[in-house]
Amino acid sequence: MNFQVYPSSSPLPVGLNLNEGSPEWLSKGDNAWQLTATYFVSLQSVPGLVILYGSMVKKKWAVNSAFMALYAFAAALLCWVSWAHQMSFGNYDSYLVGKPVNSLSNVFLLSQMDDGHKLPKADYVFYEFAFAAITVILLAGSLLGRMNFYAWMLFVPLWLTFSYTVGAFTIWGNGFFQYKIIDYAGGYVIHLSSGVAGFTAAYWVGPRHSHDRQHFPPNNIIQILGGAGFLWLGWTGFNGGSPLSAGLVTSLAVINTHICTATSLLIWLALDMAVYRKSSVIGAVQGMITGLVCITPGAGLVDPWAAALMGVMSGSIPWYTMMVLHRKIAFFQSVDDTLGVFHTHAVAGVLGGLLSGLLAKPRLLKLMYCSNIYGPDLPHSWNAVVTSIICLVISRIVNLRMDEEALEVGDDAVHGEEAYALWGDGERMPKPRRFRIPLICRLLVSTNV
């Protein structure tokens, strides 16, 4: 490959010239990577989790589950640019949350993010929106198959406003955990938060229909793998975009992400085969997810061998809590967490945070944060309390849970639409139509008689 060298006295190529649209502080390389990373993260939600949720549930809930994810993505975007971004990342003298100010002006969006990052604020606003959106969509995995869609429409903006923003501000913004916690890309802000909130909301919403809880087979295993693929490869942007530049930490974070994920998937698969004598596809997907979650708080802060060790832990400990403890402990049995989000996200998120605190390299911490004073996290009690209050408030407006008739029928009762044009579980059979003899024919028959 031939490279053209430009003498210092020669003018820059046209694409590198500084102008009003490309100010001196802007790094085109960092900007291009950040937009690409944001696209990857967005694909995790739409279509990634839309496909995964729509395929992983019983056939009669495919439309409702996929639509809950799509609605949350759209609603979260408007909330984020209207008030939630500044509540999460605004520069305010507060230890809990920022002010609800919009992020819609060109002056704000096209200004430099800060002195340490050569990006426009527009990149950062949309990147962090993608994180906020996937958090509330992950939470929905605990509520599939019974939550009233109108209650969900209220829940999304309320939870994003009063719960997510506080977690983001206190850990990533200017809050009181800012220099005390290792959370490279959201082990606590996103995964612990969604796991705890999902489990809490599942308690208040109530269980699925008794028949669904006993028999809830996925409706399309192949599409589950497709949705899981979007989720896995999209994590390249999830962890690779967190440094907000295309530097060394970015490269390390990407390879560590995939090492941990592959290891976790294989460990979960091996445990399924050893205990149940079956190589479960859904089990492999669960192991993939726990690996992605576990590496997130330390992806760019640990060595590759440590990422592999985290994969071993994330493929085994959440497997044990989901497949063994969940079936033995009455507390877990009393709450209907549809897709086991508590285990795949809360347990794996805490595990990743603790391991990141133990395995993070001081040199990498300085590259990422210019400091090495970070440590492990504290529990998200605020999240559980606020989620409970939101559910109680919504229950005074609309029912949190669908009525029994809708629970028996599924998508057709809720949306008037069905995923597949096939007769099967959850569909209402049409009423038989009586054949009516035209009046003229009846008159002719009676006349002839």
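Starting from 1, each residue takes its place in the sequence as its number. Heavy-atom basis, side chains included; hydrogens, waters and symmetry copies ignored. Predicted model, so just to flag it, every value in this text is computed and none were measured.
By the side-chain hydrogen bond (donor to acceptor under 3.5 Å, both in side chains) test, S245 is found to be paired with no residue, residues two or more places apart in sequence or in another chain being considered. Residues passing the side-chain contact (heavy atoms from CB on, under 4.5 Å) test with V50 are V46, A66, A69, L70, sequence neighbours excluded. Scanning for side-chain hydrogen bond (donor to acceptor under 3.5 Å, both in side chains) contacts around W33 gives an empty result, with sequence neighbours left out. By the side-chain hydrogen bond (donor to acceptor under 3.5 Å, both in side chains) test, S280 pairs with no residue at all, sequence neighbours left out. In terms of the side-chain hydrogen bond (donor to acceptor under 3.5 Å, both in side chains) criterion, residue partners of W235 (sequence neighbours excluded) are, by chain and number, T296. When the side-chain contact (heavy atoms from CB on, under 4.5 Å) test is applied to A348, the partners found at least two apart in sequence or on another chain are T290, V293, P318.
Around the CZ atom of F149, the shell of radius 6.0 Å holds more than 12 heavy atoms that belong to other residues, nucleotides or ligands. The environment of OH in Y203 is sparse: at most 12 heavy-atom neighbours from other residues, nucleotides or ligands sit within 6.0 Å. Within a 6.0 Å sphere centred on OH of Y39, other residues, nucleotides and ligands contribute 12 heavy atoms or fewer. Around NZ of K121, the count of heavy atoms belonging to other residues, nucleotides or ligands within 6.0 Å exceeds 12. For CD1 of I329, the number of neighbouring non-hydrogen atoms (other residues, nucleotides, ligands) closer than 6.0 Å is greater than 12.
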> How far apart are the C-alpha atoms of F129 and F73, what are their side-chain angles, what is the distance that settles it, and do they pass the side chain to side chain contact (heavy atoms under 4.5 Å, CB included) test?
Replying inline: CA-CA 9 Å; F129 147 71; F73 191 82; 3.7 Å; yes

> Would W172 and S88 count as a side chain to side chain donor-acceptor pair (under 3.5 Å) if you check the C-alpha gap in whole Å, the side-chain angles of each, and the deciding distance to 0.1 Å?
Replying inline: CA-CA 8 Å; W172 284 341; S88 301; over 6 Å; no

> After noting the C-alpha distance and the side-chain angles of D212 and K60, does the key distance pass the salt bridge (charged side-chain N to carboxylate O under 4.0 Å, His left out) rule?
Replying inline: CA-CA 10 Å; D212 284 350; K60 71 176 186 178; 3.3 Å; yes

>> Walk me through whether D123 and N31 qualify under side chain to side chain contact (heavy atoms under 4.5 Å, CB included).
In response: CA-CA 8 Å; D123 288 14; N31 189 39; 2.3 Å; yes

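For the pairing with P243, the side-chain contact (heavy atoms from CB on, under 4.5 Å) check across L252, T250, D30, L248 returns one residue only, T250. For the side-chain contact (heavy atoms from CB on, under 4.5 Å) with F126, the lone residue among L77, V81, L109, L35 that qualifies is L77. Checking F108, Y124, F169 one by one against F89, the ring pair (Phe, Tyr, Trp, His ring centres under 6.0 Å) holds for a single residue, Y124.
Side chains of Q286 and M323 form no contact here, defined as non-hydrogen atoms less than 4.5 Å apart. Using a 4.5 Å cut-off on side-chain heavy atoms (C-beta onward), F238 and F40 make no contact. Between L119 and Y127, every side-chain heavy-atom pair lies at or beyond the 4.5 Å cut-off. Between L392 and R396 the shortest side-chain heavy-atom distance does not fall below 4.5 Å. L365 has its side chain out of reach of Y184: every pair of non-hydrogen atoms, C-beta onward, lies at least 4.5 Å apart. Counting only heavy atoms from C-beta outward, the side chains of V386 and W159 never approach each other to under 4.5 Å.
For S55 against I51, the heavy-atom pair with the smallest separation is OG-O, 2.8 Å. Scanning both residues, L49 and I137, for their nearest heavy atoms gives CD1-CG2, 3.5 Å. Minimum interatomic distance between A84 and L160 (heavy atoms only, all atoms of both residues): CB-CD2, 4.5 Å. A pairwise comparison of heavy atoms in E404 and H209 identifies OE1-CD2, 3.7 Å as the closest pair. Nearest heavy atoms, V189 versus G167: CG2-O, 3.9 Å. Shortest non-hydrogen contact noted between A406 and W61 is O-CH2, 3.7 Å.
Under the 3.5 Å distance criterion, the side-chain polar atoms of S316 are matched with a main-chain donor or acceptor of M313. Checked by atom type and distance alone, the side chain of N148 pairs as donor or acceptor with a backbone atom of N399 at under 3.5 Å. Of the possible donor and acceptor atoms, one in the side chain of R146 sits under 3.5 Å from a partner among the backbone N and O of G206. Side-chain atoms of N219 come within 3.5 Å of backbone atoms of G54 as a donor-acceptor pair (strictly under, hydrogens ignored). Looking only at distances, no side-chain donor or acceptor of Q86 sits under 3.5 Å from a matching main-chain atom of P100. Panel note: side chain T387, backbone T200; no donor-acceptor pair is recorded below 3.5 Å. For the pair D411 (side chain) and A62 (backbone), a donor-acceptor distance under 3.5 Å is present. Side-chain atoms of W80 come within 3.5 Å of backbone atoms of V125 as a donor-acceptor pair (strictly under, hydrogens ignored).
Annotation: ring pair (Phe, Tyr, Trp, His ring centres under 6.0 Å) contacts involving residues 343-368, sequence neighbours excluded, comprise H191-H345, H326-H343, F332-H343. Identified under the side-chain hydrogen bond (donor to acceptor under 3.5 Å, both in side chains) test for residues 299-311, with sequence neighbours left out: D303-W305. The salt bridge (charged side-chain N to carboxylate O under 4.0 Å, His left out) pairs that include a residue from residues 220-241 number zero, where partners must be two or more places apart or lie in different chains. A side-chain hydrogen bond (donor to acceptor under 3.5 Å, both in side chains) check over residues 64-75, counting only residues at least two apart or in different chains, returns the pairs N64-H415. Residue pairs meeting the side-chain hydrogen bond (donor to acceptor under 3.5 Å, both in side chains) criterion with at least one partner in residues 98-115, sequence neighbours excluded, are D114-H117. For residues 313-331, the set of pairs meeting the salt bridge (charged side-chain N to carboxylate O under 4.0 Å, His left out) definition, not counting sequence neighbours, is empty.
Taking the six-membered ring where the residue is Trp, F342 and F199 present tilted rings, their angle falling between 30° and 60°. The aromatic rings of F155 and W152 lie parallel to each other, their planes meeting at an angle below 30°, with 60° marking the opposite boundary.
Between the OH atom of Y420 and the NZ atom of K59 there is a distance of 8.5 Å, given to the nearest 0.5 Å. A distance of 12.5 Å separates CE of M56 from CG of N220, quoted to the nearest 0.5 Å. Here the CH2-OG distance, from W204 to S395, works out to 8.0 Å after rounding to the nearest 0.5 Å. Distance check, rounded to the nearest 0.5 Å: CG of N239 to OG1 of T236 gives 8.5 Å. Atom CG in L358 sits 10.0 Å away from atom CG in L309 (nearest 0.5 Å). The distance from the CG atom of N383 to the CG atom of L139 is 8.0 Å, given to the nearest 0.5 Å.
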